[in-house]
2 protein chains.
Amino acid sequence: MQRYFVSPEAIQDGRVRITGDDVKHITRVLRLQPDAEVICADGTGSSYRVRLAELGSDQVIGDIVETLDEKVESQVKLTLVQGLPKGDKMDLIVQKGTEVGVARFVPVETNRTIVQYDAKKENKRRERWQRIAKEAAEQAHRVVIPEIDEVTSFTKWLTQEASSFDLVLIAYEGESGHGLRAVLNKRIESSINPPRSVAVIIGPEGGFDQQEVLLAEEKGARAITLGPRILRTETAGVVAAAMILYHYEQMGG
Amino acid sequence: MQRYFVSPEAIQDGRVRITGDDVKHITRVLRLQPDAEVICADGTGSSYRVRLAELGSDQVIGDIVETLDEKVESQVKLTLVQGLPKGDKMDLIVQKGTEVGVARFVPVETNRTIVQYDAKKENKRRERWQRIAKEAAEQAHRVVIPEIDEVTSFTKWLTQEASSFDLVLIAYEGESGHGLRAVLNKRIESSINPPRSVAVIIGPEGGFDQQEVLLAEEKGARAITLGPRILRTETAGVVAAAMILYHYEQMGG
(Lines give C-alpha, C1' and ligand atoms only; values in the text may rest on other atoms or scores of the structure.)
Protein backbone atom coordinates (compact mmCIF):
# COMPACT_ATOMS: atom_id res chain seq x y z
CA MET A 1 0.00 0.00 0.00
CA GLN A 2 1.29 3.47 -0.85
CA ARG A 3 2.67 5.43 2.08
CA TYR A 4 2.67 9.18 2.76
CA PHE A 5 4.02 11.29 5.56
CA VAL A 6 1.71 14.04 6.83
CA SER A 7 2.27 16.51 9.63
CA PRO A 8 0.74 15.59 13.01
CA GLU A 9 -1.56 18.62 12.66
CA ALA A 10 -3.00 17.17 9.45
CA ILE A 11 -4.62 14.43 11.52
CA GLN A 12 -7.77 15.54 13.33
CA ASP A 13 -11.05 13.95 14.39
CA GLY A 14 -10.34 10.70 12.60
CA ARG A 15 -9.59 12.40 9.31
CA VAL A 16 -6.31 13.02 7.48
CA ARG A 17 -5.61 15.95 5.18
CA ILE A 18 -2.91 15.33 2.57
CA THR A 19 -1.41 18.39 0.90
CA GLY A 20 1.61 19.38 -1.19
CA ASP A 21 3.25 17.20 -3.83
CA ASP A 22 1.57 14.06 -2.50
CA VAL A 23 -1.78 15.30 -3.84
CA LYS A 24 -0.45 15.17 -7.38
CA HIS A 25 1.07 11.77 -6.68
CA ILE A 26 -2.29 10.41 -5.51
CA THR A 27 -4.49 11.98 -8.18
CA ARG A 28 -2.22 12.15 -11.25
CA VAL A 29 0.49 9.51 -10.82
CA LEU A 30 -1.39 6.70 -9.07
CA ARG A 31 -4.82 8.03 -10.16
CA LEU A 32 -6.44 6.76 -7.00
CA GLN A 33 -10.20 7.07 -6.62
CA PRO A 34 -12.42 7.57 -3.55
CA ASP A 35 -12.40 4.48 -1.29
CA ALA A 36 -8.81 3.59 -2.27
CA GLU A 37 -6.62 3.03 0.77
CA VAL A 38 -3.19 4.40 1.66
CA ILE A 39 -1.01 4.46 4.77
CA CYS A 40 -0.35 7.83 6.40
CA ALA A 41 2.42 8.26 8.98
CA ASP A 42 2.76 11.44 11.03
CA GLY A 43 6.55 11.28 11.06
CA THR A 44 6.76 11.05 14.84
CA GLY A 45 5.86 7.38 15.24
CA SER A 46 2.14 6.95 14.52
CA SER A 47 0.70 5.52 11.32
CA TYR A 48 -2.78 4.84 10.03
CA ARG A 49 -4.63 2.98 7.31
CA VAL A 50 -6.64 5.68 5.56
CA ARG A 51 -9.55 5.41 3.11
CA LEU A 52 -9.63 8.29 0.65
CA ALA A 53 -12.85 10.33 0.67
CA GLU A 54 -12.41 13.67 -1.13
CA LEU A 55 -9.82 14.10 -3.87
CA GLY A 56 -9.31 17.75 -4.78
CA SER A 57 -6.66 19.52 -6.78
CA ASP A 58 -4.86 20.95 -3.75
CA GLN A 59 -5.78 18.52 -1.00
CA VAL A 60 -6.94 14.98 -0.43
CA ILE A 61 -9.07 14.09 2.58
CA GLY A 62 -9.28 10.57 3.96
CA ASP A 63 -10.86 8.73 6.88
CA ILE A 64 -8.77 6.74 9.34
CA VAL A 65 -9.85 3.11 9.11
CA GLU A 66 -7.30 1.67 11.48
CA THR A 67 -4.46 2.84 13.72
CA LEU A 68 -1.46 0.72 12.80
CA ASP A 69 1.07 -0.69 15.22
CA GLU A 70 4.11 -0.88 12.97
CA LYS A 71 7.22 -1.90 14.88
CA VAL A 72 9.72 -0.57 12.40
CA GLU A 73 11.72 1.93 14.43
CA SER A 74 14.87 0.93 16.27
CA GLN A 75 14.57 0.90 20.07
CA VAL A 76 18.17 2.14 20.16
CA LYS A 77 18.05 5.74 18.96
CA LEU A 78 21.07 6.10 16.70
CA THR A 79 22.59 9.47 15.81
CA LEU A 80 25.14 9.69 13.00
CA VAL A 81 27.60 12.54 13.54
CA GLN A 82 29.15 12.90 10.10
CA GLY A 83 32.19 14.96 9.17
CA LEU A 84 30.94 16.93 6.17
CA PRO A 85 32.10 15.05 3.06
CA LYS A 86 32.92 16.43 -0.37
CA GLY A 87 30.47 16.76 -3.25
CA ASP A 88 27.02 15.25 -2.87
CA LYS A 89 28.12 12.32 -0.72
CA MET A 90 26.01 13.54 2.19
CA ASP A 91 22.93 12.87 0.03
CA LEU A 92 23.89 9.20 -0.17
CA ILE A 93 24.68 9.06 3.55
CA VAL A 94 21.29 10.52 4.47
CA GLN A 95 19.42 8.21 2.09
CA LYS A 96 21.18 4.98 3.06
CA GLY A 97 21.41 5.88 6.75
CA THR A 98 17.65 6.50 6.80
CA GLU A 99 16.97 3.12 5.23
CA VAL A 100 19.14 1.36 7.80
CA GLY A 101 17.47 3.17 10.70
CA VAL A 102 19.45 6.25 11.73
CA ALA A 103 17.24 8.53 13.85
CA ARG A 104 19.21 11.75 13.49
CA PHE A 105 22.01 13.15 11.37
CA VAL A 106 24.45 15.77 12.63
CA PRO A 107 26.72 17.12 9.85
CA VAL A 108 29.83 18.56 11.49
CA GLU A 109 32.79 20.62 10.39
CA THR A 110 36.08 19.17 11.55
CA ASN A 111 39.71 20.29 11.33
CA ARG A 112 40.14 18.39 8.07
CA THR A 113 36.81 19.33 6.53
CA ILE A 114 37.51 20.42 2.98
CA VAL A 115 34.06 21.70 2.09
CA GLN A 116 33.72 25.45 2.38
CA TYR A 117 30.78 26.43 4.49
CA ASP A 118 28.42 28.70 2.62
CA ALA A 119 25.66 30.22 4.75
CA LYS A 120 23.62 31.13 1.68
CA LYS A 121 23.55 27.59 0.40
CA GLU A 122 23.11 26.15 3.86
CA ASN A 123 19.32 26.36 4.01
CA LYS A 124 18.86 24.90 0.56
CA ARG A 125 21.21 22.06 1.34
CA ARG A 126 19.49 21.20 4.57
CA GLU A 127 16.11 21.28 2.86
CA ARG A 128 17.43 18.84 0.26
CA TRP A 129 18.75 16.47 2.92
CA GLN A 130 15.43 16.66 4.77
CA ARG A 131 13.57 15.84 1.54
CA ILE A 132 15.89 12.89 0.86
CA ALA A 133 15.30 11.65 4.42
CA LYS A 134 11.51 11.92 4.00
CA GLU A 135 11.52 10.01 0.71
CA ALA A 136 13.89 7.34 2.04
CA ALA A 137 11.78 6.98 5.20
CA GLU A 138 8.63 6.47 3.10
CA GLN A 139 10.36 3.93 0.91
CA ALA A 140 11.78 2.08 3.94
CA HIS A 141 8.29 2.01 5.55
CA ARG A 142 9.54 3.97 8.53
CA VAL A 143 7.08 5.87 10.69
CA VAL A 144 9.58 8.49 11.84
CA ILE A 145 11.42 10.91 9.57
CA PRO A 146 15.01 11.31 10.78
CA GLU A 147 15.98 14.76 11.99
CA ILE A 148 18.81 16.59 10.29
CA ASP A 149 20.65 19.13 12.39
CA GLU A 150 22.18 22.31 11.10
CA VAL A 151 25.84 21.99 10.21
CA THR A 152 27.76 22.64 13.41
CA SER A 153 31.37 22.55 14.56
CA PHE A 154 32.54 19.16 15.80
CA THR A 155 34.12 20.69 18.90
CA LYS A 156 30.88 22.45 19.74
CA TRP A 157 28.90 19.23 19.34
CA LEU A 158 31.34 17.36 21.59
CA THR A 159 31.16 20.02 24.25
CA GLN A 160 27.42 20.64 24.21
CA GLU A 161 25.77 17.43 23.02
CA ALA A 162 27.94 14.36 23.51
CA SER A 163 27.14 13.93 27.21
CA SER A 164 23.43 13.47 26.50
CA PHE A 165 24.01 10.04 24.87
CA ASP A 166 24.24 6.70 26.67
CA LEU A 167 27.09 5.73 24.36
CA VAL A 168 29.31 7.72 21.99
CA LEU A 169 31.60 5.97 19.51
CA ILE A 170 34.20 7.56 17.27
CA ALA A 171 35.60 5.67 14.27
CA TYR A 172 39.33 6.26 14.10
CA GLU A 173 41.74 4.51 11.77
CA GLY A 174 44.68 5.15 14.05
CA GLU A 175 43.09 3.00 16.72
CA SER A 176 43.90 -0.63 15.99
CA GLY A 177 43.08 -2.25 19.29
CA HIS A 178 39.37 -1.77 19.82
CA GLY A 179 36.95 -3.42 17.48
CA LEU A 180 33.33 -2.28 17.58
CA ARG A 181 32.21 -5.68 18.85
CA ALA A 182 34.68 -5.66 21.74
CA VAL A 183 33.61 -2.19 22.83
CA LEU A 184 29.89 -3.02 22.63
CA ASN A 185 30.34 -6.33 24.46
CA LYS A 186 32.32 -4.67 27.22
CA ARG A 187 29.32 -2.48 27.96
CA ILE A 188 27.18 -5.48 28.89
CA GLU A 189 28.70 -5.46 32.37
CA SER A 190 28.09 -1.78 32.85
CA SER A 191 25.43 0.93 32.92
CA ILE A 192 22.34 0.91 30.71
CA ASN A 193 22.30 -1.97 28.30
CA PRO A 194 21.15 -1.88 25.61
CA PRO A 195 21.78 1.86 25.47
CA ARG A 196 18.73 3.98 24.64
CA SER A 197 20.78 6.40 22.60
CA VAL A 198 24.02 5.92 20.67
CA ALA A 199 25.99 8.48 18.69
CA VAL A 200 28.52 7.24 16.15
CA ILE A 201 31.01 9.77 14.84
CA ILE A 202 32.52 9.38 11.35
CA GLY A 203 35.29 11.61 10.02
CA PRO A 204 35.39 13.34 6.62
CA GLU A 205 37.64 12.07 3.79
CA GLY A 206 40.83 13.01 5.61
CA GLY A 207 39.73 11.51 8.93
CA PHE A 208 40.13 13.17 12.30
CA ASP A 209 43.31 14.63 13.63
CA GLN A 210 44.60 13.24 16.90
CA GLN A 211 43.57 16.30 18.87
CA GLU A 212 39.95 15.82 17.88
CA VAL A 213 40.04 12.17 18.90
CA LEU A 214 41.60 13.09 22.24
CA LEU A 215 38.92 15.70 22.89
CA ALA A 216 36.22 13.20 21.92
CA GLU A 217 37.63 10.65 24.34
CA GLU A 218 37.80 13.30 27.02
CA LYS A 219 34.10 13.88 26.43
CA GLY A 220 33.38 10.19 26.91
CA ALA A 221 33.58 8.86 23.35
CA ARG A 222 35.14 5.44 22.78
CA ALA A 223 37.44 5.05 19.79
CA ILE A 224 36.57 2.09 17.61
CA THR A 225 37.77 0.59 14.34
CA LEU A 226 35.32 -0.61 11.74
CA GLY A 227 37.65 -3.42 10.72
CA PRO A 228 40.81 -4.00 8.70
CA ARG A 229 39.32 -2.84 5.39
CA ILE A 230 39.33 0.94 5.08
CA LEU A 231 35.83 2.27 4.42
CA ARG A 232 35.19 5.48 2.52
CA THR A 233 33.56 8.19 4.62
CA GLU A 234 30.22 7.77 2.83
CA THR A 235 30.28 4.01 3.51
CA ALA A 236 31.49 4.05 7.11
CA GLY A 237 28.41 5.56 8.76
CA VAL A 238 25.93 3.28 7.03
CA VAL A 239 28.02 0.18 7.76
CA ALA A 240 28.60 1.25 11.38
CA ALA A 241 24.87 1.88 11.80
CA ALA A 242 24.02 -1.56 10.39
CA MET A 243 26.51 -3.28 12.71
CA ILE A 244 25.44 -1.35 15.83
CA LEU A 245 21.73 -1.96 15.22
CA TYR A 246 22.46 -5.61 14.40
CA HIS A 247 24.41 -5.95 17.65
CA TYR A 248 21.44 -4.64 19.63
CA GLU A 249 18.97 -6.86 17.74
CA GLN A 250 17.30 -3.98 15.94
CA MET A 251 17.71 -5.39 12.44
CA GLY A 252 14.99 -8.01 12.62
CA GLY A 253 16.30 -10.24 15.42
CA MET B 1 51.82 4.42 1.55
CA GLN B 2 50.36 4.29 -1.95
CA ARG B 3 49.04 0.88 -3.00
CA TYR B 4 48.92 -0.77 -6.42
CA PHE B 5 47.63 -4.09 -7.66
CA VAL B 6 49.88 -5.96 -10.07
CA SER B 7 49.36 -9.34 -11.69
CA PRO B 8 51.06 -12.30 -9.95
CA GLU B 9 53.22 -12.71 -13.10
CA ALA B 10 54.57 -9.19 -12.61
CA ILE B 11 56.38 -10.39 -9.50
CA GLN B 12 59.57 -12.32 -10.24
CA ASP B 13 62.96 -12.81 -8.59
CA GLY B 14 62.28 -10.26 -5.89
CA ARG B 15 61.30 -7.56 -8.36
CA VAL B 16 57.93 -6.08 -9.28
CA ARG B 17 57.04 -4.67 -12.67
CA ILE B 18 54.24 -2.09 -12.64
CA THR B 19 52.57 -1.33 -15.98
CA GLY B 20 49.44 0.33 -17.35
CA ASP B 21 47.77 3.40 -15.86
CA ASP B 22 49.62 3.02 -12.57
CA VAL B 23 52.87 4.09 -14.28
CA LYS B 24 51.38 7.48 -15.02
CA HIS B 25 50.01 7.68 -11.50
CA ILE B 26 53.46 7.02 -10.03
CA THR B 27 55.48 9.24 -12.35
CA ARG B 28 53.09 12.06 -13.22
CA VAL B 29 50.51 12.28 -10.45
CA LEU B 30 52.55 11.41 -7.36
CA ARG B 31 55.88 12.23 -9.09
CA LEU B 32 57.67 9.56 -7.09
CA GLN B 33 61.43 9.23 -7.46
CA PRO B 34 63.75 6.20 -7.22
CA ASP B 35 63.94 4.83 -3.63
CA ALA B 36 60.37 5.90 -2.89
CA GLU B 37 58.32 3.06 -1.45
CA VAL B 38 54.88 1.73 -2.37
CA ILE B 39 52.85 -1.34 -1.51
CA CYS B 40 52.14 -3.83 -4.28
CA ALA B 41 49.48 -6.53 -3.90
CA ASP B 42 49.11 -9.35 -6.39
CA GLY B 43 45.33 -9.47 -6.05
CA THR B 44 45.30 -13.04 -4.82
CA GLY B 45 46.34 -12.44 -1.23
CA SER B 46 50.04 -11.50 -1.17
CA SER B 47 51.39 -8.00 -0.71
CA TYR B 48 54.83 -6.45 -0.57
CA ARG B 49 56.63 -3.29 0.41
CA VAL B 50 58.46 -2.25 -2.72
CA ARG B 51 61.26 0.26 -3.25
CA LEU B 52 61.13 1.88 -6.68
CA ALA B 53 64.26 1.42 -8.80
CA GLU B 54 63.63 2.25 -12.46
CA LEU B 55 60.92 4.68 -13.49
CA GLY B 56 60.21 4.55 -17.21
CA SER B 57 57.43 5.94 -19.32
CA ASP B 58 55.73 2.58 -19.83
CA GLN B 59 56.85 0.62 -16.80
CA VAL B 60 58.16 1.04 -13.29
CA ILE B 61 60.46 -1.56 -11.73
CA GLY B 62 60.84 -1.94 -7.98
CA ASP B 63 62.61 -4.22 -5.51
CA ILE B 64 60.70 -6.11 -2.87
CA VAL B 65 61.91 -4.89 0.52
CA GLU B 66 59.51 -6.87 2.65
CA THR B 67 56.74 -9.43 2.25
CA LEU B 68 53.79 -8.09 4.19
CA ASP B 69 51.42 -10.11 6.31
CA GLU B 70 48.30 -7.97 6.05
CA LYS B 71 45.33 -9.63 7.69
CA VAL B 72 42.67 -7.68 5.87
CA GLU B 73 40.66 -10.34 4.09
CA SER B 74 37.63 -11.96 5.69
CA GLN B 75 38.10 -15.59 6.72
CA VAL B 76 34.47 -16.14 5.72
CA LYS B 77 34.41 -15.94 1.93
CA LEU B 78 31.29 -13.96 1.11
CA THR B 79 29.60 -14.07 -2.31
CA LEU B 80 26.93 -11.52 -3.16
CA VAL B 81 24.39 -12.89 -5.64
CA GLN B 82 22.68 -9.72 -6.83
CA GLY B 83 19.54 -9.49 -8.94
CA LEU B 84 20.59 -7.09 -11.69
CA PRO B 85 19.37 -3.62 -10.67
CA LYS B 86 18.34 -0.73 -12.88
CA GLY B 87 20.64 2.05 -14.09
CA ASP B 88 24.15 2.19 -12.69
CA LYS B 89 23.25 0.90 -9.23
CA MET B 90 25.44 -2.17 -9.72
CA ASP B 91 28.45 0.19 -9.79
CA LEU B 92 27.60 1.34 -6.27
CA ILE B 93 26.99 -2.23 -5.11
CA VAL B 94 30.37 -3.40 -6.42
CA GLN B 95 32.20 -0.42 -4.91
CA LYS B 96 30.59 -0.54 -1.47
CA GLY B 97 30.52 -4.35 -1.34
CA THR B 98 34.24 -4.43 -2.09
CA GLU B 99 34.97 -1.98 0.72
CA VAL B 100 32.98 -4.07 3.21
CA GLY B 101 34.71 -7.28 2.16
CA VAL B 102 32.66 -9.18 -0.43
CA ALA B 103 34.89 -11.76 -2.16
CA ARG B 104 32.79 -12.35 -5.26
CA PHE B 105 29.86 -10.77 -7.05
CA VAL B 106 27.39 -12.77 -9.14
CA PRO B 107 24.96 -10.53 -11.07
CA VAL B 108 21.87 -12.60 -11.89
CA GLU B 109 18.80 -12.19 -14.04
CA THR B 110 15.61 -13.03 -12.17
CA ASN B 111 11.94 -13.24 -13.15
CA ARG B 112 11.44 -9.62 -12.17
CA THR B 113 14.67 -8.26 -13.63
CA ILE B 114 13.77 -5.17 -15.59
CA VAL B 115 17.13 -4.54 -17.24
CA GLN B 116 17.34 -5.81 -20.78
CA TYR B 117 20.34 -7.99 -21.30
CA ASP B 118 22.54 -6.74 -24.11
CA ALA B 119 25.31 -9.13 -25.13
CA LYS B 120 27.20 -6.34 -26.90
CA LYS B 121 27.34 -4.14 -23.86
CA GLU B 122 27.97 -7.07 -21.55
CA ASN B 123 31.76 -7.17 -21.88
CA LYS B 124 32.12 -3.43 -21.41
CA ARG B 125 29.89 -3.46 -18.38
CA ARG B 126 31.79 -6.31 -16.75
CA GLU B 127 35.10 -4.57 -17.43
CA ARG B 128 33.74 -1.46 -15.74
CA TRP B 129 32.62 -3.42 -12.66
CA GLN B 130 36.00 -5.14 -12.52
CA ARG B 131 37.75 -1.77 -12.68
CA ILE B 132 35.52 -0.37 -9.91
CA ALA B 133 36.30 -3.45 -7.79
CA LYS B 134 40.04 -3.00 -8.32
CA GLU B 135 39.96 0.68 -7.37
CA ALA B 136 37.76 0.04 -4.35
CA ALA B 137 40.02 -2.83 -3.24
CA GLU B 138 43.09 -0.57 -3.45
CA GLN B 139 41.36 2.17 -1.52
CA ALA B 140 40.14 -0.29 1.14
CA HIS B 141 43.69 -1.72 1.50
CA ARG B 142 42.49 -5.15 0.45
CA VAL B 143 44.97 -7.67 -0.92
CA VAL B 144 42.43 -9.56 -3.02
CA ILE B 145 40.42 -8.08 -5.87
CA PRO B 146 36.86 -9.47 -5.76
CA GLU B 147 35.85 -11.60 -8.72
CA ILE B 148 32.87 -10.55 -10.80
CA ASP B 149 31.05 -13.32 -12.60
CA GLU B 150 29.35 -12.97 -15.94
CA VAL B 151 25.67 -12.16 -15.70
CA THR B 152 23.87 -15.48 -15.39
CA SER B 153 20.33 -16.69 -14.83
CA PHE B 154 19.35 -17.01 -11.20
CA THR B 155 17.85 -20.47 -11.76
CA LYS B 156 21.07 -21.64 -13.37
CA TRP B 157 23.14 -20.32 -10.48
CA LEU B 158 20.87 -22.05 -7.96
CA THR B 159 21.08 -25.33 -9.83
CA GLN B 160 24.79 -25.32 -10.60
CA GLU B 161 26.50 -23.26 -7.90
CA ALA B 162 24.45 -22.98 -4.70
CA SER B 163 25.43 -26.39 -3.35
CA SER B 164 29.13 -25.46 -3.27
CA PHE B 165 28.58 -23.00 -0.36
CA ASP B 166 28.55 -23.83 3.34
CA LEU B 167 25.63 -21.44 3.78
CA VAL B 168 23.24 -19.79 1.33
CA LEU B 169 20.91 -16.99 2.46
CA ILE B 170 18.16 -15.36 0.44
CA ALA B 171 16.69 -12.02 1.52
CA TYR B 172 12.96 -12.13 1.09
CA GLU B 173 10.50 -9.50 2.24
CA GLY B 174 7.65 -11.98 2.37
CA GLU B 175 9.45 -13.90 5.08
CA SER B 176 8.69 -12.26 8.40
CA GLY B 177 9.72 -14.99 10.81
CA HIS B 178 13.42 -15.50 10.33
CA GLY B 179 15.79 -12.70 11.17
CA LEU B 180 19.37 -12.97 9.94
CA ARG B 181 20.67 -13.24 13.50
CA ALA B 182 18.32 -16.11 14.39
CA VAL B 183 19.33 -18.05 11.27
CA LEU B 184 23.06 -17.52 11.85
CA ASN B 185 22.80 -18.40 15.55
CA LYS B 186 20.87 -21.58 14.79
CA ARG B 187 23.82 -22.78 12.75
CA ILE B 188 26.11 -22.80 15.78
CA GLU B 189 24.75 -26.18 16.77
CA SER B 190 25.23 -27.62 13.33
CA SER B 191 27.78 -28.34 10.62
CA ILE B 192 30.77 -26.12 9.89
CA ASN B 193 30.85 -23.01 12.02
CA PRO B 194 31.87 -20.41 11.16
CA PRO B 195 31.12 -21.28 7.56
CA ARG B 196 34.04 -20.96 5.17
CA SER B 197 31.82 -19.71 2.38
CA VAL B 198 28.52 -17.84 2.48
CA ALA B 199 26.37 -16.70 -0.42
CA VAL B 200 23.79 -14.01 0.21
CA ILE B 201 21.14 -13.51 -2.47
CA ILE B 202 19.50 -10.10 -2.97
CA GLY B 203 16.60 -9.51 -5.36
CA PRO B 204 16.30 -6.70 -7.91
CA GLU B 205 13.95 -3.72 -7.36
CA GLY B 206 10.82 -5.82 -7.65
CA GLY B 207 12.11 -8.57 -5.36
CA PHE B 208 11.83 -12.28 -6.02
CA ASP B 209 8.66 -14.07 -6.93
CA GLN B 210 7.57 -16.88 -4.66
CA GLN B 211 8.56 -19.58 -7.13
CA GLU B 212 12.16 -18.35 -7.07
CA VAL B 213 12.25 -18.37 -3.29
CA LEU B 214 10.80 -21.88 -3.21
CA LEU B 215 13.42 -23.11 -5.68
CA ALA B 216 16.16 -21.42 -3.66
CA GLU B 217 14.95 -23.11 -0.48
CA GLU B 218 14.79 -26.42 -2.32
CA LYS B 219 18.44 -25.88 -3.20
CA GLY B 220 19.32 -25.32 0.45
CA ALA B 221 19.02 -21.54 0.80
CA ARG B 222 17.54 -20.12 3.99
CA ALA B 223 15.12 -17.22 3.68
CA ILE B 224 15.99 -14.29 5.91
CA THR B 225 14.69 -10.79 6.53
CA LEU B 226 17.06 -7.86 6.87
CA GLY B 227 14.79 -6.22 9.40
CA PRO B 228 11.58 -4.20 9.57
CA ARG B 229 12.87 -1.29 7.50
CA ILE B 230 12.71 -2.02 3.77
CA LEU B 231 16.13 -1.60 2.16
CA ARG B 232 16.58 -0.63 -1.47
CA THR B 233 18.21 -3.33 -3.58
CA GLU B 234 21.48 -1.38 -3.81
CA THR B 235 21.57 -1.02 -0.01
CA ALA B 236 20.52 -4.54 0.97
CA GLY B 237 23.63 -6.42 -0.18
CA VAL B 238 26.10 -4.07 1.46
CA VAL B 239 24.15 -4.01 4.72
CA ALA B 240 23.69 -7.79 4.69
CA ALA B 241 27.42 -8.24 4.02
CA ALA B 242 28.32 -5.94 6.93
CA MET B 243 26.00 -7.78 9.32
CA ILE B 244 27.13 -11.28 8.25
CA LEU B 245 30.82 -10.39 8.51
CA TYR B 246 30.19 -8.65 11.82
CA HIS B 247 28.41 -11.75 13.11
CA TYR B 248 31.41 -13.91 12.25
CA GLU B 249 33.88 -11.41 13.77
CA GLN B 250 35.36 -10.40 10.43
CA MET B 251 34.83 -6.64 10.88
CA GLY B 252 37.65 -6.05 13.32
CA GLY B 253 36.55 -8.15 16.29
Side-chain angles (χ1 to χ4, degrees), chain A residues 3 70-75 92 95-102 135-144 146 171 173 175-185 205 224-236 238-253, chain B residues 3 70-75 92 95-102 135-144 146 171 173 175-185 205 224-236 238-253:
Chain A
R3 305 177 68 91
E70 302 182 291
K71 297 196 189 322
V72 292
E73 295 298 329
S74 167
Q75 296 303 300
L92 189 73
Q95 187 189 66
K96 300 306 171 210
T98 299
E99 290 176 54
V100 170
V102 170
E135 286 167 5
E138 275 172 3
Q139 182 275 328
H141 294 196
R142 290 186 62 172
V143 293
V144 172
E173 277 181 37
E175 184 73 13
S176 59
H178 300 87
L180 172 63
R181 168 190 288 273
V183 170
L184 297 185
N185 278 338
E205 285 83 358
I224 52 158
T225 75
L226 298 174
R229 295 172 293 280
I230 309 300
L231 302 173
R232 284 178 164 90
T233 181
E234 76 272 23
T235 316
V238 177
V239 166
M243 295 194 296
I244 293 165
L245 295 182
Y246 181 79
H247 188 96
Y248 290 121
E249 308 188 16
Q250 302 297 319
M251 294 298 285
Chain B
R3 306 177 69 93
E70 301 182 292
K71 298 196 190 319
V72 292
E73 295 299 329
S74 167
Q75 296 303 300
L92 189 74
Q95 186 187 67
K96 300 305 170 211
T98 298
E99 289 176 55
V100 170
V102 170
E135 285 167 5
E138 276 171 3
Q139 182 275 330
H141 294 194
R142 290 187 62 172
V143 293
V144 172
E173 275 182 40
E175 183 74 12
S176 60
H178 301 87
L180 172 63
R181 168 191 286 272
V183 170
L184 297 185
N185 278 338
E205 285 82 357
I224 52 158
T225 75
L226 297 174
R229 296 171 292 282
I230 308 300
L231 302 172
R232 283 179 164 91
T233 182
E234 76 272 21
T235 317
V238 177
V239 166
M243 295 193 296
I244 293 165
L245 296 181
Y246 182 78
H247 188 95
Y248 290 121
E249 308 188 16
Q250 301 298 317
M251 295 298 285

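Source: prediction; values computed, not measured. In what follows, chains carry the letters A, B, and so on, assigned in the order in which the sequence lines appear, proteins first and then strands, with residues in each chain numbered from 1.
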CA sep, side-chain torsions, deciding dist, call: B:I230, A:V72, side-chain contact (heavy atoms from CB on, under 4.5 Å): CA-CA 9 Å; B:I230 308 300; A:V72 292; over 6 Å; no
Using salt bridge (charged side-chain N to carboxylate O under 4.0 Å, His left out), reason through A:E73 and B:R229 one step at a time and then give a plain yes or no. CA-CA 8 Å; A:E73 295 298 329; B:R229 296 171 292 282; 5.6 Å; no
Part of A:L226 lying under 4.5 Å from any heavy atom of chain B: backbone
Does any non-hydrogen side-chain atom of A:V239 lie less than 4.5 Å from one of B:M251? yes
Heavy-atom pairs under 4.5 Å with chain B: which of A:H141, A:K71, A:E249, A:R142 has the most? A:E249
Determine whether A:K96 and B:L231 make a side-chain contact, defined as any pair of heavy atoms from C-beta on separated by less than 4.5 Å. no
Checking B:R232 against A:E99 for the salt bridge (charged side-chain N to carboxylate O under 4.0 Å, His left out) test, could you report, in this order, the C-alpha distance in whole Å, the side-chain angles of both residues, the deciding distance, and whether it holds? CA-CA 8 Å; B:R232 283 179 164 91; A:E99 290 176 54; 3.3 Å; yes
Most chain A-contacting option - heavy-atom pairs closer than 4.5 Å, from B:G227, B:P228, B:A240, B:A137: B:P228
Between B:V100, B:V238, B:L92, which residue shows the highest count of heavy-atom pairs closer than 4.5 Å to chain A? B:V100
Between A:A136 and chain B, which part of the residue has a heavy atom less than 4.5 Å away: side chain, backbone, both or neither? both
Quick one: NE2 on A:H247 to OH on B:Y246, what's the gap to the nearest 0.5 Å? 4.5 Å
